[in-house]
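Data first, discussion second: the structure below is written as structure tokens.
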Amino acid sequence: QVQPVESGGGLVQAGGSLRLSCAASVSTFNRYAMGWFRQAPGKEREFVAAISWSDGTTYYGDSVKGRFTISRDNAKNAVYLQMNNLKPEDTAVYSCAAELYGPANSDYEDEEQYDFWGQGTQVTVSS
């Protein structure tokens, strides 16, 4: 099993950038689809981005398209989320999720398709 561990969160001013990292200590990391989700206080968890295990195809939520970039480095067992032009509404706990050979129905935006989750890292964007 894989246990994702996030890092890189923090406080940044609006318009700034942050890069989140998610590391997973598993020899078969290249077989896991990886996703980023976020949850703001009082709101439901929201899909942010995902990257496939097979060919590196990327997927983004509408609210972050053009500002966030997901990437992976299988040699380092890591996935990254580069966040640019951050807005106060991006403030949330960001969690990394993993699914072996998944998601089964290719619904990368569905959090229920991911079996393994990290603890999350706080991102706060000040105005």
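Nothing here was measured: the structure is a model prediction, and the numbers come from that model. Index from 1, following the sequence.
In this structure, W117 is not a member of the same hydrophobic cluster as I51, with clusters built from ILVMFWY side-chain heavy atoms closer than 4.5 Å. The same ILVMFWY cluster, assembled from side-chain heavy atoms under 4.5 Å apart, contains both V26 and L100. V12 and V93 fall into different hydrophobic clusters, where Ile, Leu, Val, Met, Phe, Trp and Tyr are joined by side-chain heavy atoms under 4.5 Å apart, directly or via other members. Note on L86 and V48: same hydrophobic cluster, where clusters join Ile, Leu, Val, Met, Phe, Trp and Tyr whose side-chain heavy atoms are under 4.5 Å apart, directly or indirectly. Tracing side-chain contacts under 4.5 Å through hydrophobic residues (I, L, V, M, F, W, Y), one reaches M83 starting from I70; they form part of the same cluster.
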Take S63 and E46 through the test side-chain contact (heavy atoms from CB on, under 4.5 Å) and record every step on the way to the result. CA-CA 10 Å; S63 61; E46 176 189 16; 3.0 Å; yes
Please assess V79 against Y32 for the test side-chain contact (heavy atoms from CB on, under 4.5 Å), listing each intermediate value before the final yes or no. CA-CA 11 Å; V79 63; Y32 285 82; over 6 Å; no
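Taking CG of D110 as the start and CG of N105 as the end, the distance is 6.5 Å to the nearest 0.5 Å. Here L81 contributes atom CG and M34 contributes atom CE; the two are 11.5 Å apart, rounded to the nearest 0.5 Å. Between S95 atom OG and R45 atom CZ the span is 5.5 Å, to the nearest 0.5 Å. Between the CZ atom of R38 and the CD atom of E44 there is a distance of 14.0 Å, given to the nearest 0.5 Å.
Partners of Y94 by ring-ring contact (aromatic ring centres under 6.0 Å, His included), not counting sequence neighbours: none found. In this view, Y114 and F37 satisfy the ring-ring contact (aromatic ring centres under 6.0 Å, His included) rule, not counting sequence neighbours.
S52 places a side-chain N or O within 3.5 Å of a backbone atom of T57 that can act as its donor or acceptor partner. No donor-acceptor pair closer than 3.5 Å links the side chain of Y101 to the backbone N or O of A33. Looking only at distances, a side-chain donor or acceptor of E6 sits under 3.5 Å from a matching main-chain atom of C96.
A pairwise comparison of heavy atoms in D115 and E99 identifies N-OE1, 2.8 Å as the closest pair. Summarising the geometry of V123 relative to G9, their closest heavy-atom pair is CG2-CA, 4.2 Å, with the distance given to 0.1 Å. When all heavy atoms of D73 and Y80 are compared, the closest pair comes out as CB-CE1, 4.0 Å. The two atoms that bring Q122 and A92 nearest to each other are NE2-O, 3.4 Å, heavy atoms only. Scanning both residues, T69 and Y60, for their nearest heavy atoms gives CA-OH, 3.3 Å. A24 and V2 make their closest contact through CB-CG2, 3.1 Å (heavy atoms, listed as atom of the first residue, atom of the second, distance).
The side-chain tip of R72 points at the ring of F29 from less than 6.0 angstrom away and within 45° of straight on. Remark: R19 is not positioned above the aromatic ring of W36, lacking an NZ or CZ atom under 6.0 angstrom from the ring centre and at most 45 degrees off the axis.
Counting heavy atoms of neighbouring residues, nucleotides and ligands inside a 6.0 Å radius, atom CD of Q119 does not exceed 12 of them.
A salt bridge is defined here as a Lys NZ or Arg NE, NH1 or NH2 lying under 4.0 Å from an Asp or Glu carboxylate O, and D62 with K65 meets this definition.
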